[in-house]
Protein chains: 2
Amino acid sequence: MSGGDNLLKLVEAEGPDDQDYLLQEQVGFILRKAHQRHVSIFAGRIGDLTPPQFAALAKLRDVGETSQNQLGTMIAMDAATVKGVIDRLKARGLVELSRHEVDKRRLLVNLTPDGRAAIERLIPLAREITQETLAPLSAKEVATFMRLLAKLA
Amino acid sequence: MSGGDNLLKLVEAEGPDDQDYLLQEQVGFILRKAHQRHVSIFAGRIGDLTPPQFAALAKLRDVGETSQNQLGTMIAMDAATVKGVIDRLKARGLVELSRHEVDKRRLLVNLTPDGRAAIERLIPLAREITQETLAPLSAKEVATFMRLLAKLA
DNA sequence: GGAAATTCATTCGTATGCAAATGATATCAA
DNA sequence: TTGATATCATTTGCATACGAATGAATTTCC
């Protein structure tokens, strides 16, 4: 029996255990890196707005006036997070707030003319951001990846 | 010519443009949601440590003592971020810091016995986290997804 | 050797992201 | 009607995440 065999036995004795946990191969770690790369690409093309801020404007463009909480649900942000995002958009005059006349708890959010102009102007850039993010994949791979990613989200 | 035809004409006149930008179908948005889901799964299994903190400990286990900056590079964190993470791990006694004897700029980071015990204990849970995150996919889909995700990261 | 450029770490400011607690308003049910 | 629940929004506290500025130490290059 050779030394190599002994080493193999030792490794096998450990079983599929702690020894072979590689951080770089875990979904969570790679998912975090992929997300970082996307945010970086976004910042390179749209410097004056963050992805969450863009998401809020884009969704308001789709659905029109909604409550802050509903908007948060639609763009996957909890109440505390969406408040900060909307506050900053309001400070820049891109959205306007008003109280719901019937349900006084609700804070209605809507695009201002400036906000609408901004989102229309940015959407072509957002398309480029999507393209650049997916650039390492072929068209076929993009389709596959998006299908599987959607299952995980 | 019917009203429907007029509507169709209007839509076609717009071309493949702003009208069909759907936030929910953009990689960036879904990537963000998938990442959120993973973090949530992580928190459910490992409540007293965040993913970045876990990553730091896991990497130190792999490579042993390194400088703070080098560690940051290995786990994809910039200098400012890694400092905060290490500070909190140090405050909990899971890592210890020392100055590099030759290059006095470098701050060496290493696991304490407590830190080593913690990471060894957590690795099995981390495996479960990876599994649960990938649970919506079949084994074959997992292989495909990981291959494509790695290309994007 | 010494000036210039680089690297390592820290600090500051800004922006998510979420848990938990709180207050105001609505809704449901007894 | 009223008491219990639920919903909407806000606030606080903590933890990433990163750009930019700064200072200290090292390396490079002339």
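Below, chains carry the letters A, B, ... as their sequence lines are ordered, and counting in each starts from 1.
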J.: Give the nucleotide from the list C:dT16, D:dA9, D:dA25 with an atom nearest to the side chain of B:D103.
T.: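 Among the listed nucleotides, the one closest to the side chain of B:D103 is D:dA25.
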J.: Atom CG of A:L107 and atom P of D:dT7: how far apart are they, to the nearest Å?
T.: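 To the nearest whole Å, that distance equals 19 Å.
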J.: Take atom CG of B:D87 and atom P of D:dT16, then tell me their distance rounded to the nearest Å.
T.: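 The distance from CG of B:D87 to P of D:dT16 comes to 11 Å, rounded to the nearest Å.
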J.: Quick one: do B:K59 and B:D62 make a salt bridge, cutoff under 4.0 Å?
T.: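 Salt bridge between B:K59 and B:D62, a charged N being under 4.0 Å from a carboxylate O: yes.
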J.: Would you mind classifying the nucleic acid contact of B:S40 as base, sugar-phosphate or nothing, using non-hydrogen atoms under 4.0 angstrom?
T.: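 Nothing: the residue B:S40, judged by heavy atoms under 4.0 Å, touches no strand.
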J.: Quick check for you: among D:dA17, C:dC18, C:dA26, whose closest atom lies nearest to any side-chain atom of B:Q36?
T.: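 Among D:dA17, C:dC18, C:dA26, the one nearest the side chain of B:Q36 is C:dC18.
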J.: Think B:R32 has a side-chain N or O under 4.0 angstrom from the OP1 or OP2 of C:dG17?
T.: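 Yes.
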J.: Check whether any side-chain nitrogen or oxygen of A:Q53 sits under 4.0 Å from OP1 or OP2 of C:dT16, and answer yes or no.
T.: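 A:Q53 to C:dT16 OP1/OP2: side-chain N or O found under 4.0 Å.
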J.: Students often mix this up, so state it plainly: with edges at 30° and 60°, are the rings of A:F54 and A:F42 parallel, tilted or perpendicular?
T.: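 Perpendicular.
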J.: Counting only heavy atoms not in B:E128, do more than 12 sit closer than 6.0 Å to its CD atom?
T.: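 More than 12 within 6.0 Å, yes.
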J.: Using the closest heavy atom to pick a nucleotide of DNA chain C for each, name whichever of A:R105 or A:R88 lands nearer the 5' end.
T.: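 By nearest-heavy-atom nucleotide position, the 5'-most residue is A:R88.
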J.: Of the candidate nucleotides D:dA17, D:dT10, D:dT26, which contains the atom at the shortest distance from the side chain of B:K104?
T.: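 The answer is D:dT26, which lies nearest to the side chain.
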J.: Between D:dC8, C:dA9, C:dG17, which one does the side chain of A:N69 approach most closely?
T.: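 Looking only at side-chain atoms, A:N69 lies closest to D:dC8.
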J.: Start at the 5' end of DNA chain D and walk down; is the nucleotide closest to A:R106 or to A:V39 reached first?
T.: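 Counting from the 5' end, the first nearest nucleotide belongs to A:R106.
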J.: Taking atom P of C:dT14 as reference, at what distance in whole Å does atom CZ of A:R92 sit?
T.: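 Value for this atom pair: 14 Å.
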J.: Report yes if a side-chain nitrogen or oxygen of A:T50 is closer than 4.0 Å to either non-bridging phosphate oxygen (OP1 or OP2) of C:dT16; otherwise report no.
T.: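 Result: yes.
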J.: Categorize A:V102 for me: base, sugar-phosphate, or nothing, with a 4.0 angstrom heavy-atom threshold over every strand shown.
T.: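 Contact class for A:V102: sugar-phosphate only.
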J.: CG of A:L31 versus P of D:dA17: gap in Å, rounded?
T.: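 Rounded to whole Å, this separation is 12 Å.
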J.: Can you identify which nucleotide, out of D:dA9, C:dA9, D:dA25, has its nearest atom closest to the A:Q68 side chain?
T.: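 Output: D:dA9.
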J.: Using a strict threshold of under 4.0 Å (side-chain N to carboxylate O), is an ion pair present between A:K90 and A:D87?
T.: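 No salt bridge links A:D87 with A:K90.
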J.: Closer than 3.5 angstrom, by distance alone: can the side chain of B:R61 be matched with the main-chain N or O of B:I119 as a donor-acceptor pair?
T.: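 No, because the side chain of B:R61 does not come within donor-acceptor range (under 3.5 Å) of the backbone of B:I119.
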J.: Between D:dA17, C:dC18, C:dA9, spot the one nearest the side chain of A:T81, thanks.
T.: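 In terms of side-chain proximity for A:T81, the closest of D:dA17, C:dC18, C:dA9 is C:dC18.
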